[in-house]
Amino acid sequence: MESVLEKIKYKEVMTEVDGSFSITMYEKGIDSEEVLNYKYELVVTKLGYLDYTFTNIIIEGMKICDIGEYMLIAGDTNQNGYINIDDLVSTNNNFGRDNSVSDFNEDGVVDSLDGNILKKNYGKRAKIEEYKMGE
């Protein structure tokens, strides 16, 4: 039997230059009440950055669900959820190269500016946060 999530299809995902985004969903063969009262998890990812996960998102009626503003943290080159020595070694190994994973400031080359970003974020972990309506 298909779960609610397997039946939901994304109609549109729009990401703006400033990083804001919207998701428009529609359902296929399921009751709209079932879609609206289901708990969702949203994982925001970007290559070279720590993931940010929101849990317990419940869409009430046709209301817009605003999760607020969050900054993804640069430095997780291997996408393991931690910024650690492996990420530092990877960035150092790509120094001077055009490497999109370690080029955290996206200036086209891995340099000391990217190293400084990684050092600033060293030791940080991916975040999981429970969504609270109206906060």
Side-chain angles (χ1 to χ4, degrees):
M1 175 152 190
E2 255 184 328
S3 72
V4 173
L5 287 180
E6 290 169 330
K7 293 179 184 178
I8 295 174
K9 302 296 177 196
Y10 299 103
K11 183 176 184 183
E12 182 178 299
V13 178
M14 293 279 297
T15 304
E16 302 297 332
V17 174
D18 67 0
S20 63
F21 62 91
S22 64
I23 302 170
T24 304
M25 296 186 298
Y26 69 92
E27 66 281 345
K28 180 179 110 180
I30 55 175
D31 177 307
S32 62
E33 283 299 312
E34 190 177 9
V35 172
L36 298 176
N37 294 317
Y38 193 83
K39 289 183 182 180
Y40 295 92
E41 180 175 277
L42 174 67
V43 181
V44 182
T45 64
K46 182 176 181 180
L47 192 60
Y49 288 70
L50 293 172
D51 293 350
Y52 206 111
T53 303
F54 297 91
T55 63
N56 230 13
I57 298 172
I58 300 172
I59 301 171
E60 294 182 357
M62 296 306 288
K63 294 180 184 175
I64 293 174
C65 182
D66 186 348
I67 60 171
E69 292 185 17
Y70 296 87
M71 295 287 291
L72 292 179
I73 299 170
D76 188 14
T77 60
N78 61 2
Q79 299 300 123
N80 69 349
Y82 303 94
I83 299 174
N84 58 20
I85 191 69
D86 296 331
D87 304 303
L88 183 59
V89 169
S90 174
T91 300
N92 285 339
N93 288 343
N94 287 292
F95 196 84
R97 296 183 185 164
D98 175 16
N99 180 303
S100 61
V101 176
S102 295
D103 184 14
F104 307 120
N105 64 356
E106 299 179 357
D107 65 355
V109 65
V110 178
D111 56 19
S112 61
L113 298 174
D114 301 300
N116 289 339
I117 291 169
L118 188 141
K119 288 174 191 168
K120 176 183 166 213
N121 295 328
Y122 193 87
K124 294 186 179 179
R125 299 174 154 210
K127 293 212 175 209
I128 299 175
E129 182 175 325
E130 184 173 335
Y131 174 75
K132 295 186 176 48
M133 183 83 108
E135 290 188 7

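Within the 4.5 Å cutoff, the side chain of F104 has no heavy atoms near those of the N121 side chain. When side chains are defined from C-beta on, D114 does not count as touching S102, because their heavy atoms never get closer than 4.5 Å. Looking only at side-chain heavy atoms (C-beta outward), Q79 and L47 come within less than 4.5 Å of each other.
A continuous path of ILVMFWY side-chain contacts below 4.5 Å connects I117 to Y122, so both sit in one hydrophobic cluster. Follow the hydrophobic side-chain contacts under 4.5 Å out from I73 and you reach I85 in the same cluster. Hydrophobic cluster membership differs between V110 and L118, with clusters built from Ile, Leu, Val, Met, Phe, Trp and Tyr side chains linked at under 4.5 angstrom. There is a path of hydrophobic side-chain contacts, each under 4.5 Å, that joins L42 to L72.
By the neighbour-count criterion of 12 heavy atoms within 6.0 Å, atom NZ of K124 is densely surrounded, having more than that number from other residues, nucleotides or ligands. Under a cut-off of 6.0 angstrom, the local environment of CD1 in I128 is sparse, with at most 12 non-hydrogen atoms contributed by other residues, nucleotides or ligands.
Listed by chain and residue number, nothing satisfies the ring pair (Phe, Tyr, Trp, His ring centres under 6.0 Å) test with Y82 (two or more places apart in sequence, or in another chain). Residues satisfying the ring pair (Phe, Tyr, Trp, His ring centres under 6.0 Å) test with Y49, not counting sequence neighbours, are none. By the salt bridge (Lys or Arg N to Asp or Glu O under 4.0 Å) test, E130 pairs with no residue at all, sequence neighbours left out. Under the side chain to side chain contact (heavy atoms under 4.5 Å, CB included) criterion, D98 pairs with no residue at all, not counting sequence neighbours. With sequence neighbours excluded, the residues satisfying salt bridge (Lys or Arg N to Asp or Glu O under 4.0 Å) with K46 are E106. Under the rule for a side chain to side chain donor-acceptor pair (under 3.5 Å), D103 has no partner lying at least two apart in sequence or in another chain.
The main-chain N or O of D86 is never found under 3.5 Å from a side-chain atom of S90 such that the two would form a donor-acceptor pair. The closest donor-acceptor contact from the side chain of D51 to the backbone of T45 lies at 3.5 Å or more, if one exists at all.
Put simply, OG1 on T55 and CD on E129 are 8.5 Å apart, with the number rounded to the nearest 0.5 Å. Distance check, rounded to the nearest 0.5 Å: CG of N84 to CZ of R125 gives 10.0 Å.
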